[in-house]
Amino acid sequence: MRVLVTGGAGFIGSNFVLRTLATRPDVELTVLDKFTYAANPRTLEPVADRLRVVKGDIADADAVDPLVAGADLVVNFAAESHNDNSLRDPSVFVQTNVVGTSVLLEAVRRHDVKLHHISTDEVYGDLDLDDPSKFTESTPYNPSSPYSSTKASSDLLVRAWVRSFGVRATLSNCSNNYGPYQHVEKLIPRQITNVLTGLRPKVYGDGRNVRDWIHVDDHNDAVWTIIDKGVDGETYLIGADGEVDNLTVVKTILRLLGRPEDAFDFVTDRPGHDRRYAIDSTRLRTELGWTPRYTDFESGLSATIDWYRDHSDWWAPSKDDVEASYAKTQRPLSAP
Ligand code: NAD
Ligand code: DAU
């Protein structure tokens, strides 16, 4: 099978590529990636002789067309992915996440190639902390941020191309991923690398916001399950029952690194900050038979800490720029 992986040099896409190379000898991989700040060229260097890597933009129809024509399947991970950045400059989010997805859709339509579109639970908005419900495939879309609204738009485009043009596509909406090769702008790598470089972790607002954590390998195994067994036109939610609030995440990182659990700072909250995400993945589990392997968050987090401790050459070059950028908008708060 010839698979085109867009965004294959980013966090989840590169883990997908590495896992596919390790587990699927029948798959021939091509990566199309714009190599934005979020892509680290070092990630795929060790496997460069086992795949084709093309630097290009999913919104560039001329670049996309021949690559899609030569594929049996496109898996679309390419996106601008960080909420905080989308609050600073939404325009590139519209361009990549909305226009880029529409260009991919036109190419898969032209060449009758199957698409799996990667999306997020954030399209459903947020839940109250005391709400017992979780997101399901039938929860109405209600995105909050420029990032999540462009991802919601991309999902709607995929659904429209399925219905109007008969494009063969599946969609998945996953919760917060953690694991190796995640950019240091995101919560878990930021706080691990803060501690490793002598900085104090930074918690937005009151720190009671809840995210539903899943290991990136569990996400990517679910993606392959959907590719193998999913029904065209359908959406599957991916989650591993990993709800944890941000304060607990940060305190656990501090404890696992041998620091006092209160050695962090509260900083100004993210505007429009979603309170809680929670996924009900019953459909994926019962209809397609997927189950997560990483069910103990603390041991997955501990392995992730070890990875960042052992790979400072991978993340150190971007650390100062990320912290300088955050320092422009984030101010210390006294503890709530
Ligand atoms: P990331 O920011 O780490 O990687 C995104 C990749 O896309 C980068 O390699 C970047 O260079 C590439 N890219 C950006 N614009 C591009 C363009 N115009 N053309 C081609 N390539 C481009 O993101 P991630 O965390 O790996 O997320 C991947 C996908 O998974 C996204 O669609 C995101 O919405 C979705 N998702 C992420 C999470 C999460 O927790 N990180 C959870 C659910 C869904
Ligand atoms: O839910 C899936 C989404 O998860 C994906 O669609 C996004 O691509 C991905 O970035 C992630 O979005 P979040 O906004 O939830 O992730 P982030 O790592 O930015 O923040 C996680 C939580 O931690 C959130 O409540 C904000 C908070 N936070 C974040 C940072 C960077 C802090 O308290 N301090 C921080 O320094």
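The figures that follow rest on heavy atoms only: side chains count, while hydrogens, waters and symmetry mates do not. Given the structure is predicted, the values throughout are model-derived calculations rather than measurements. Note that ligands are numbered from 1 as they come in the structure, with each ligand's atoms numbered from 1 the same way.
Nearest protein neighbour of atom 4 (O) of ligand 2, counting heavy atoms only, is N176 ND2, 3.0 Å. Counting only heavy atoms of the protein, atom 10 (O) of ligand 2 lies nearest to K186 CE, 3.1 Å. At the top of the distance list for atom 8 (O) of ligand 2, counting protein heavy atoms only, stands S81 O, 2.8 Å. Atom 5 (C) of ligand 2 has Y147 OH, 3.5 Å as its closest protein atom, hydrogens excluded (heavy atom only). Of all protein heavy atoms, the one lying nearest to atom 18 (O) of ligand 2 is L187 N, 2.8 Å.
At a 3.5 angstrom cut-off on N or O pairs, H273 counts as close to ligand 2. Considering backbone and side-chain N/O of R270, one or more are found under 3.5 Å from N/O of ligand 2. The N/O atoms of E122, backbone and side chain alike, include one that comes under 3.5 Å of an N/O atom in ligand 2. The N/O atoms of K202, backbone and side chain alike, include one that comes under 3.5 Å of an N/O atom in ligand 2. Between R211 and ligand 2, an N or O atom pair is found at a separation short of 3.5 Å. Checking only distances, Y204 does come within under 3.5 Å of ligand 2, N or O to N or O.
Each of the atoms 19 (O) of ligand 2 lies under 4.0 Å from some heavy atom of H82. Those atoms of ligand 2 with a heavy atom of V203 less than 4.0 angstrom away are 33 (O). Residue-ligand proximity, Y277 to ligand 2, at heavy-atom distances under 4.0 Å covers atoms 1 (O), 15 (O). Close contacts between ligand 2 and T120 involve ligand atoms 1 (O), 2 (C), 3 (C), 5 (C), 6 (O) [criterion: under 4.0 Å to a heavy atom]. Close approach of ligand 2 to Q191 (heavy-atom distance below 4.0 Å) involves ligand atoms 34 (N), 35 (C), 36 (O). Interface atoms of ligand 2 facing Y326, defined by a heavy-atom separation under 4.0 Å, are 31 (C). Each of the following atoms of ligand 2 lies closer than 4.0 Å to a heavy atom of D121: 1 (O), 2 (C). Atoms of ligand 2 lying under 4.0 Å from at least one heavy atom of E185, given by number and element, are 31 (C).
A distance below 6.0 Å separates the ring centres of Y124 and F135. Aromatic rings from F77 and F11 are positioned such that their centres are separated by 6.0 Å or more. Checked against a 6.0 Å centroid threshold, the rings of W290 and Y236 do not count as neighbours.
The environment of CZ in R255 is crowded: more than 12 heavy-atom neighbours from other residues, nucleotides or ligands sit within 6.0 Å. Within a 6.0 Å sphere centred on CD of E234, heavy atoms belonging to other residues, nucleotides or ligands number more than 12.
Side chains of E185 and Y37: a donor-acceptor N/O pair is present below 3.5 angstrom, by distance only. Using modelled atom types and a 3.5 Å distance limit, the side chains of R275 and N209 yield a donor-acceptor pair. No side-chain donor-acceptor contact under 3.5 Å links S153 and T150.
With salt bridges taken as basic N to acidic carboxylate O contacts below 4.0 Å, one links D57 and K34.
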Verdict with reasoning, D155 to N173, per side-chain hydrogen bond (donor to acceptor under 3.5 Å, both in side chains):
CA-CA 9 Å; D155 294 6; N173 296 74; 3.1 Å; yes
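With D265 contributing its side chain and V203 its backbone, the two residues share no donor-acceptor pair below 3.5 Å.
Within 4.0 Å of ligand 1, protein heavy atoms belong to G7, A9, G10, F11, I12, D33, K34, F35, T36, A38, A39, G56, D57, I58, F77, A78, A79, S81, T96, I118, S119, T120, Y147, K151, C174, S175, N176, N177, listed by chain and number.
F35 is linked by a ring-ring contact (aromatic ring centres under 6.0 Å, His included) to nothing, counting only residues two or more places apart in sequence or in another chain.
Between F16 and W224, the angle of the ring planes stays under 30°, which puts this pair in the parallel group of the 30/60° scheme.
A 4.5 Å side-chain heavy-atom check between Y204 and T268 finds every atom pair outside the cut-off. Looking at Y308 and T193, their side chains come closer than 4.5 Å, going by heavy atoms from C-beta outward.
Under a hydrophobic clustering in which Ile, Leu, Val, Met, Phe, Trp and Tyr are joined whenever their side-chain heavy atoms come within less than 4.5 Å, directly or via other members, Y326 and V184 fall into the same cluster.
Using 4.0 Å as the threshold, K151 has no heavy atom nearer than that to any atom of ligand 2.
In this structure, the separation between CD1 on I192 and CG on L256 is 9.0 Å, given to the nearest 0.5 Å.
Among I188, N83, I279, N246, the residue whose heavy atom sits closest to atom 23 (O) of ligand 2 is N246.
With a 4.0 Å heavy-atom cut-off, ligand 2 is reached by the side chain of R190 but not by its N, CA, C or O.
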